[in-house]
2 protein chains.
Amino acid sequence: MLTERQALVLKVIIDEFIETAQPIGSRNIAKREDVAYSPATIRNDMADLEDEGFLSKTHSSSGRIPSEKGYRFYVDHMMSPLQLSSDEVRLVQSQFDDRMIEMEKVMQNSAHILSELTQYTTLVLGPEVYETKLKQLQIVPINKQSAIAILVTDTGHVEHRSFAVPSEIDHSDLEKVVNILNEKLVGVPIIYLDRMIETEVIDLINRYTSNFQKSYDLIQKALFNHQTTSLYVSGKSNILMQPEFNDIEKARSLFNVMESEDQIAPILKTNQEGLKISIGHENEMEVMNNCTLITATYTLGENQIGTIALLGPTRMEYAKAVSLLDLWSNHMSQSLYRWFND
Amino acid sequence: MLTERQALVLKVIIDEFIETAQPIGSRNIAKREDVAYSPATIRNDMADLEDEGFLSKTHSSSGRIPSEKGYRFYVDHMMSPLQLSSDEVRLVQSQFDDRMIEMEKVMQNSAHILSELTQYTTLVLGPEVYETKLKQLQIVPINKQSAIAILVTDTGHVEHRSFAVPSEIDHSDLEKVVNILNEKLVGVPIIYLDRMIETEVIDLINRYTSNFQKSYDLIQKALFNHQTTSLYVSGKSNILMQPEFNDIEKARSLFNVMESEDQIAPILKTNQEGLKISIGHENEMEVMNNCTLITATYTLGENQIGTIALLGPTRMEYAKAVSLLDLWSNHMSQSLYRWFND
DNA sequence: TGTTAGCACTCACCTTTAACGAGTGCTAAT
DNA sequence: ATTAGCACTCGTTAAAGGTGAGTGCTAACA
């Protein structure tokens, strides 16, 4: 398909373009030590590569820039895994050195560090509730008319929701309901809470007074009818650093998307195992058509429970991004495993 | 000091410039219905106003733009309070219509709504702990090595912190300590917690075993040694909409500041009662030299307990911003009062 | 004396023009 | 198959000229 020389030319162009964001000319390629051909020869290859769709020009006499197909080929066939610097490795590892006590902190910090290291935007989708189990329920009355329900999971996740308490309901009723719920539900995976309530708890509750049922309704609404996606976004403004977003309009529209959890979360919810690279128009969302999104999943045992992603321009340091995500998700998965088997 | 006509000219220029962001020329001012003078007359006044420092030019033959001194005069002496639209009023009020159950939610939503209405960035500094009192402490063991301490205040604020539990300490010890703490500390204002612990609790704790003391140390570290500033920022990317930030460098540096809580929080911690308007170089921070920050405090009874602020370009819709902040902070203060006297 | 008309002048902005140079494609020689 | 040579393209930059919104100043006016 591609001759060896053509492949070399393609690789050089992509590597250089990733670094400089400028179209690359034949003369400059020929000057490189690892290229032993004349500009003319390289021009011929470049013309072929363009015919095949791997390269394109910004205008008829410009140097070449990689097309999305070019990046795709690079990513699939010719990317050499980047040796991360020891500093970088250490920084990522340090997130997991200590015994992990609170997953949310870990993820927030991770997002921060990865966007520092890459200068891209990091998106972390928190552990899906899959394996996490209810550790404890708690009701704290605040005043006569309101109370706060607190739910703690075995990953250290704390969810709280406040709710109004009608005057006819006594706090002691609430307390009793919570006791029942705790008794029945502690240790139950969060995703089964609903089902368990249906089968195990409802009957029990129904034996009591109507006030009791109302109390239960309240708590139920406050805590269970609520799908929790925890999305951490870090380094949004890194986008502004990339020359492809010098056009402020593009930056604006991308910002709008990134600020809406609703739009981001579905993108990250992938079933693909391991890394997935979406280049330019491979992204469904239009504003991301000049972006690349690399997502990596992390697992607990066999189950994928969350996603981490880097969002940057299509001209992305793929090797570095991939290596970092790989490193991170491995560590994360290991730490999770340890956490749950302690 | 200023003749009536000069004042009119100044006001017109500022009003127009706030709307258009373009230098205003004498001819355009003369065309307005509320101005009955010829361009030449107005030019003379403009020259005077420039001599006095209220206006400046972008180049020698350009129209005039307001200087910071101009804005300052406008704000201090000639700003007519804007009649907010009923939609706007309703939107703000709706934040407080329902019985307030969780202050944090209210503030988050408020920040969101104010930045929607103004197209500026809203910063809310959460209620200082002043009057808030401890409602309940809770320890939830997560696994053998870790636990989560949860602190609930009477404002519905939930603070949680995880900590590692050394192997020699038993969870039952922790529980006992928490019981003691709850017994002694519930109802105590958060800011006095430290003092109360010193005087009332320490002695009690010391009577027990050393493990007991260690447990106490843990909890103490996890919950009390932690100053909590709750900062909500909304509409950061609105900054990008303002033409004065078309220069991407300026946007970048402002973003960097806004993303650092450490830098923003001190700015909002003002002692000034009511509204404070900081125009351009009146802001200490250099990146804000072409911004205006309007801060308003909200109170609980006599005490200021938090701040809300709008950050925009110096060319700000002052009247609207002031009216909105005023409206909001009044409602907020009233709601707080009701909350604590229920 | 305060206001206005008139006029020369300024300067950002736009368009045109020209020179430059990095780059290409093609052809012919090696 | 590779390369040297050369004409050609086109974005970029700088200079030059025209336009128009704006000014400052002066002299006339009410």
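In what follows, chains carry the letters A, B, and so on, assigned in the order in which the sequence lines appear, proteins first and then strands, with residues in each chain numbered from 1. What's counted below: heavy atoms across the whole structure, side chains too, no hydrogens, waters or symmetry copies. This is a predicted model, so every value here is computed, not measured.
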Inset, instruction - Compare side-chain N and O positions of B:Arg5 against OP1 and OP2 of C:dG2 and report whether any pair is under 4.0 Å apart. - result: no
Legend entry - Separation of C:dT24 C1' from A:Arg64 CZ (nearest whole Å): 7 Å
Legend entry - Short side-chain N/O contact to D:dG24 OP1/OP2 from B:Lys57, under 4.0 Å: yes
Legend entry - Lys/Arg N to Asp/Glu carboxylate O, B:Glu244 vs B:Lys250, below 4.0 Å: no
Inset, instruction - With sequence neighbours left out, write down each residue that passes salt bridge (Lys or Arg N to Asp or Glu O under 4.0 Å) with B:Asp76, or none if nothing qualifies. - result: B:Arg72
Heteroatom pairs (N/O) under 3.5 angstrom, protein to nucleotides 9-11 of chain D:
from   : atom 1 : to      : atom 2 : distance (Å)
D:dT9  : O3'    : A:Ser60 : OG     : 2.7
D:dT9  : O2     : A:Ser61 : OG     : 2.4
D:dC10 : OP1    : A:Ser60 : OG     : 2.8
D:dC10 : O5'    : A:Ser60 : OG     : 3.3
D:dC10 : O4'    : A:Ser61 : OG     : 3.2

Inset, instruction - Identify, with sequence neighbours excluded, every residue that meets side-chain contact (heavy atoms from CB on, under 4.5 Å) alongside B:Ala321. - result: B:Ile294, B:Leu310, B:Met316
Legend entry - B:Lys320/B:Glu88 ion pair, N-O < 4.0 Å: yes
Legend entry - Set of residues satisfying side-chain contact (heavy atoms from CB on, under 4.5 Å) with respect to A:Arg32, sequence neighbours excluded: A:Val12, A:Glu16, A:Asp34, A:Val35
Inset, instruction - Identify, residue by residue, the members of residues 11-19 of chain A with a heavy atom below 4.0 Å from DNA chain D, and return them in order of residue number, or none. - result: none
Legend entry - Qualifying residues under ring-ring contact (aromatic ring centres under 6.0 Å, His included), relative to B:Phe73, sequence neighbours excluded: B:Phe54, B:His77
Inset, instruction - Go through the structure and list residues passing salt bridge (Lys or Arg N to Asp or Glu O under 4.0 Å) with B:Glu52, not counting sequence neighbours. - result: none
Legend entry - Any residue meeting side chain to side chain donor-acceptor pair (under 3.5 Å) with B:Ser323, in chain and number order, not counting sequence neighbours: none
Legend entry - Partners meeting side-chain contact (heavy atoms from CB on, under 4.5 Å) with A:Glu273 (sequence neighbours left out): A:Gln304
Inset, instruction - Could you check how far CD of A:Gln6 sits from C1' of D:dA1, rounded to whole Å? - result: 13 Å
Legend entry - By side-chain contact (heavy atoms from CB on, under 4.5 Å) - contacts of B:Lys11 (at least two apart): B:Asp15, B:Tyr74, B:Met78, B:Ser80
Inset, instruction - Can you sort out which residues in residues 26-54 of chain A have a heavy atom within less than 4.0 Å of DNA chain D? Ascending by number, please. - result: A:Tyr37, A:Ser38, A:Ala40, A:Thr41, A:Arg43, A:Asn44
Legend entry - Residues that A:His281 engages under ring-ring contact (aromatic ring centres under 6.0 Å, His included), provided they are two or more places apart: none
Legend entry - Nearest-angstrom distance from the residue atom CD of B:Gln22 to C1' of C:dC13: 12 Å
